[in-house]
2 protein chains.
Amino acid sequence: MIDRIHLKIMAAIDRHGSLTAAAESLYLTQSALSHTMKKLEQQTGVTLWHKEGRQLRFTQAGEYLLQQALRLSPQLERVDQVLKEFADGDRGTLRIGMECHPCYIWLLTVVNPFLKAWPNIDVDVKQRFKFGGMAALFQHDIDLLVTPDPLLKKGVEFIPVFDYEQVLVLSTNHPLTKKAYVTPKDLSQETLYTYPVETERLDIFKDFLLPANTSPLRHKTLEATEIMLEMVAAERGVATLPLWLVQTYQDSLPITYQKLGKSGLKKQIYLGMRSNEDRSFTSAFIQMARASVESEGSST
Amino acid sequence: MIDRIHLKIMAAIDRHGSLTAAAESLYLTQSALSHTMKKLEQQTGVTLWHKEGRQLRFTQAGEYLLQQALRLSPQLERVDQVLKEFADGDRGTLRIGMECHPCYIWLLTVVNPFLKAWPNIDVDVKQRFKFGGMAALFQHDIDLLVTPDPLLKKGVEFIPVFDYEQVLVLSTNHPLTKKAYVTPKDLSQETLYTYPVETERLDIFKDFLLPANTSPLRHKTLEATEIMLEMVAAERGVATLPLWLVQTYQDSLPITYQKLGKSGLKKQIYLGMRSNEDRSFTSAFIQMARASVESEGSST
DNA sequence: GTATATTATGAATATTTTTCATGAGTGTCA
DNA sequence: TGACACTCATGAAAAATATTCATAATATAC
């Protein structure tokens, strides 16, 4: 029944004092306003104003409608404005999905400048997915996927961000440090620590142990990277992590590393996003991610 | 830009799960909804939802708009509802103007049951008018005028409510109590107490003293009826009040009264309202006013 | 009284909304 | 797998609505 235009007209009459002036302020004719409000009066059965000389005087109902107009009009304008911000990419949440546990620390170094560069965009990071990161991306549960396993599929695009080598982390006293490199069979007598995800998603299983039809003596899972490294340092077992991550801890813990296989286990981290979705801040994040890696000199 | 229909559509989609079901709930076609929202999307530049299989999934902007819709739609509906209440006379304020000071006590006996019978209608009483009660009525400052001086004018209607006699209130010891009635000349040696209004509006001047070209020795004004009567009782002067009012105080104070002139000063109280204004509760108030008087047996 | 304001209103016009008909995609089930 | 049922999108036509134009009616200022 009542519509936004009625609120605007009431507010304009109040502000400008006459129908004619109100009409001008709304870029309409006085006639249009008169007709519009007359129709509202007929539909609702109320009288909104009386003519008093050449002035208008609101009735009680008109006064009420004016109050509501003054209250509601700005709220509707605010909705317009926010919608425009969404359209311009000045507002939103960038939801990042992580399928690469150790990348979290790296991600934080990108998120920090991103938040500064895009003050109206929030960032959310998700690490658990019911049906995998790809499904989450397709279902719009996330907007960006950080993963070492890109999937060529219509509707998504993957961009390599950086290369890294997955290595076996060992206590400095560990016998395997003597070898030139580690073979799958070497691990069959070891306790292996990994993050608590499915073995299909763990490089050490997928790309190293399973092809050789081998498995470690024991497989234990841990959430926290630091604890995992402490376990290795305490000679409780071994773990696999990206080389760059091991290097950052090598100074503070008695740990070292070994190549997995003769030529090492080379990996790449990709950022995946839905194609044909053009949110400027998503692309901006990807740019910043690549830049962060290049400045470190550890990139493609 | 954004309009009420967009809010309703968003809320309906959320509630019914699909465009088709939402369209049905709004008594529109699916096509209409699709076109309407498409247009909004084009105007603002946002995407509100994605098709996911045969389902719709709101984007962040869509989710935002939905939240605003759920918040604002009920408020707009409430405005419709209140406007309808105004139209039906289920809401409003009855503003009563008084040009008859002593009638205030009588008025209260009408207002009380009125408030009970019309729980959504407020009552306001005004006693001071810049340009008189008639002007206030015309200017919609009041809706009802209680006055002993009806003015036959286009646009207003006056209905007599009750007859009364204006009498001179005297201390029981006053010499004038000995006479059969009081003449204008009798007052030329008296101190007269009246309400503080223009003499043209005081019956004692307008209908009694001025026609005889006489005036009282002294004229003092007082706001409160009770104090006025105390003054009279203390033999400080005389006053003129409606007979029925004097009678209610006669038991508790040493006062009595005298007819003004041989046949007494007969007055009538009228209720005036703007004609062609059809607010049911205004008429209802008039009905209750008349009824209150009839039950007392002091009416026309 | 005349000129200049105001709002209201009927008719004509312009614009917007809605429907109709249909296309294109997706899930279901025999 | 193919028929079917159901979804939303879309172009064109139809219907409804909003706006303007021209003008009346009325009030105010000079």
Side-chain angles (χ1 to χ4, degrees), chain A residues 1-10 12-44 46-59 62 65-66 131 135 138-140 153-155 274 276, chain B residues 1-10 12-44 46-59 62 65-66 131 135 138-140 153-155 274 276:
Chain A
M1 213 77 163
I2 201 181
D3 215 340
R4 187 172 179 180
I5 186 66
H6 300 119
L7 302 179
K8 293 193 78 167
I9 291 175
M10 289 302 285
I13 293 173
D14 179 56
R15 185 156 148 60
H16 297 100
S18 76
L19 256 198
T20 309
E24 194 178 358
S25 79
L26 296 170
Y27 305 107
L28 285 170
T29 59
Q30 168 270 133
S31 178
L33 268 58
S34 184
H35 279 298
T36 301
M37 299 312 279
K38 195 83 196 169
K39 189 173 177 191
L40 176 65
E41 289 189 328
Q42 283 166 350
Q43 283 175 338
T44 57
V46 294
T47 302
L48 291 171
W49 62 65
H50 296 283
K51 244 168 86 173
E52 201 165 89
R54 60 170 65 169
Q55 289 239 99
L56 297 185
R57 182 183 220 98
F58 287 145
T59 60
L65 186 56
L66 170 63
F131 307 108
F138 266 106
Q139 283 173 26
H140 288 257
K153 236 182 161 181
K154 218 181 113 199
R274 288 180 295 279
N276 75 44
Chain B
M1 215 71 163
I2 201 179
D3 214 339
R4 187 170 179 181
I5 187 67
H6 301 119
L7 302 179
K8 294 192 77 167
I9 291 175
M10 288 303 283
I13 293 174
D14 179 57
R15 185 157 148 59
H16 297 99
S18 76
L19 256 198
T20 310
E24 195 177 359
S25 78
L26 296 170
Y27 305 107
L28 286 170
T29 59
Q30 169 269 131
S31 178
L33 267 59
S34 183
H35 278 299
T36 301
M37 299 311 280
K38 194 81 195 171
K39 190 175 175 190
L40 176 65
E41 289 189 328
Q42 283 166 351
Q43 283 175 338
T44 57
V46 293
T47 303
L48 293 171
W49 60 66
H50 295 281
K51 247 168 84 174
E52 200 165 88
R54 60 169 65 171
Q55 290 237 100
L56 297 185
R57 178 181 223 100
F58 287 144
T59 59
L65 186 56
L66 170 63
F131 308 106
F138 266 108
Q139 283 174 25
H140 288 257
K153 237 185 161 179
K154 219 181 113 197
R274 288 180 295 279
N276 75 43

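Remember, predicted model here, so these are calculated numbers, not experimental data. Order of the sequence lines sets the chain letters (A, B, ...), proteins ahead of strands, with each chain counted from 1.
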Query raised in the report: When every nucleotide of nucleotides 17-30 of chain D is labelled 5' to 3' by its protein contacts under 4.0 Å (heavy atoms), B for base, S for sugar-phosphate only, - for none, what sequence of letters results?
Result: SSBBB-----BB--
Requested in this report: Pick base, sugar-phosphate or nothing for B/S18, based on heavy-atom distances below 4.0 Å to the nucleic acid.
Outcome: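 The residue B/S18 makes sugar-phosphate contact but no base contact.
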To the nearest Å, how far apart are [X] [atom1] and [N] [atom2]?
| X | N | atom1 | atom2 | result |
| --- | --- | --- | --- | --- |
| B/F58 | D/dC8 | CZ | P | 11 Å |
| B/E24 | D/dT7 | CD | P | 10 Å |
| B/L56 | C/dT26 | CG | C1' | 13 Å |
| B/Q55 | D/dC8 | CD | P | 9 Å |
| A/K38 | C/dG10 | NZ | C1' | 14 Å |
| B/I13 | D/dT7 | CD1 | P | 13 Å |
| B/W49 | D/dT7 | CH2 | C1' | 13 Å |

Query raised in the report: Below 4.5 Å, heavy atoms only, C-beta onward: do B/L65 and B/I2 meet side chain to side chain?
Result: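 In short, these two side chains touch, coming nearer than 4.5 Å.
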Query raised in the report: Is there side-chain contact between B/K51 and B/L56, with heavy atoms separated by less than 4.5 Å?
Result: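 A side-chain contact under 4.5 Å exists here.
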Query raised in the report: Given B/W49 and B/Q55, is the side chain to side chain contact (heavy atoms under 4.5 Å, CB included) satisfied, shown in steps?
Result: CA-CA 10 Å; B/W49 60 66; B/Q55 290 237 100; over 6 Å; no
Query raised in the report: side chain to side chain contact (heavy atoms under 4.5 Å, CB included) between A/R4 and B/R4: does it pass, once the steps are laid out?
Result: CA-CA 7 Å; A/R4 187 172 179 180; B/R4 187 170 179 181; over 6 Å; no
**Report entry** A/S34 (side chain) donor-acceptor with A/Q30 (main chain) under 3.5 angstrom
**Finding:**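 Absent.
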Query raised in the report: Donor-acceptor pair, B/H35 side chain versus B/A32 backbone, under 3.5 Å?
Result: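 Side chain of B/H35 to backbone of B/A32: no pair is present.
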